[in-house]
Amino acid sequence: MRLIRSPRTFTRTMQALRRRGTTTGFIPTMGALHEGHASLIRAARRECGVVAVSIFVNRLQFGPREDYGRYPRMLAQDARLVRASGGGIVFAPETRQMYPHGFATRVSVERLSRRWEGASRPGHFPGVATIVAKLLCLAQPTTAYFGQKDYQQCLLVQRMVRDLDLPIAIRMLPTVRERDGLAMSSRNSYLSPAQRAQAPVLWQSLQLARQLIRAGERRAGRIEAALRRLIRVAPEARVDYIGIVRADTLEPLARLKGQVAILLAVRLGRTRLIDNCLVRVQ
Ligand code: AMP
């Protein structure tokens, strides 16, 4: 496995692979890799000749009071996980290489980025879209892989790639969970033992929503109220948002119909967790 620091070397390496007819898979990450990332790498490896993983804590997507400074950084351990999962290249640039002096461009995906994470974290999605656009231009992979864990981000990337005619396939893969249902996340390491014990409430509320829908409930307001009641049982949990939305546009629904996404953001102390599920409603 190769560790590459320089953007130019990364591009040249990926170009050389393509010239030889090798299909390339690419997975952008911020590191502190876990089984969720590993599942993306393994899926990419099944479909592509070579898999590259970028590890870059992207300052642009963090708000001023967010956790950029304390986001976990553990490159050596991450490189081992990439190798063990079948990845062939780790691209880990420095911030000054990605955002040199004078960098002034932001990529903004309208509409899809307005609500939910976009509303709670101003500047987050322009930061995400800018780094993903840059990384896709550097890597020029056959296929790029993203996790459903960040569903709004996936939709945004799909939209951007279509709008900018980037010749790259985008694949979304299922969320990998701990045994108790908590979606794996690099941020789970911030939780105190008491908060970790409460964290499965996100998954439990998504399960409750599914049960209510299966039992015939179609009123979004009723479902949201039931979820809020359940989340309130966890003493430190504070709902940031509950979105019961059309899965394609993320616009809120009053009555559930068609492909529905349920989006959750919950704070546990200073840690903010997100999760979601997709439900087809007749
Ligand atoms: P991050 O390092 O958090 O920026 O995530 C990098 C990629 O891994 C994104 O496409 C995430 O959606 C994906 N990812 C993160 N956690 C999970 C998970 N638990 N299951 C599946 N994919 C995940």
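In each ligand, atom 1 is the first atom listed, and ligand 1 is the first ligand listed. From a predicted model like this one, the values you see are computed outputs, not experimental measurements.
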Non-hydrogen side-chain atoms of Arg80 and Arg83 separated by less than 4.5 Å: no

Proximal atoms of ligand 1 relative to Met184 (non-hydrogen, under 4.0 Å): 16 (N), 17 (C), 18 (C), 19 (N)

ILVMFWY network linking Leu112 to Val161, side-chain heavy atoms under 4.5 angstrom: yes

N/O donor-acceptor pair under 3.5 Å between Asp275 side chain and Leu264 backbone: no

Closest protein heavy atom to atom 20 (N) of ligand 1, given as residue, atom name and distance to 0.1 Å: Val176 N, 2.8 Å

Test item, Cys154 contacting ligand 1 (heavy atom, 4.0 angstrom): no

Leu156 side, atom CG; Arg111 side, atom CZ - distance, nearest 0.5 Å: 11.5 Å

Sub-4.0 Å atoms of ligand 1 with respect to non-hydrogen atoms of Asp150: 11 (C), 12 (O)

Under-4.0 Å heavy-atom contact with ligand 1, by part of His34 that carries it: side chain

Close N or O approach (Ala183, ligand 1; < 3.5 Å): no

Test of proximity, Ser185 against ligand 1: N or O pairs below 3.5 Å: no

Donor-acceptor contact below 3.5 Å, side chain Asn276 vs main chain Lys149: yes

Ligand 1 versus Leu40: contacting region, heavy-atom distance under 4.0 Å: side chain

Within 45° cone and under 6.0 Å: Arg73 NZ/CZ vs Tyr68 ring: yes

Working for side-chain hydrogen bond (donor to acceptor under 3.5 Å, both in side chains), residues Glu66 and Tyr71: CA-CA 9 Å; Glu66 293 185 354; Tyr71 200 86; over 6 Å; no

Interfacing atoms of ligand 1 (cut-off 4.0 Å, heavy-atom, Pro28): 6 (C), 7 (C)

Min N/O separation His37 to ligand 1 under 3.5 Å: yes

Phe146: numbered ligand 1 atoms lying under 4.0 Å from its heavy atoms: 10 (O)

Per-residue contact class, Pro174 against ligand 1 - non-hydrogen pairs under 4.0 Å: backbone

N/O separation below 3.5 Å, Leu173 to ligand 1: no

Check: Glu236 main-chain N/O paired with Gln198 side-chain donor or acceptor under 3.5 Å: yes

Within 6.0 angstrom of Arg70 CZ, more than 12 heavy atoms from elsewhere: yes

Nearest non-hydrogen protein atom, atom 22 (N) of ligand 1: Gly147 CA, 3.5 Å

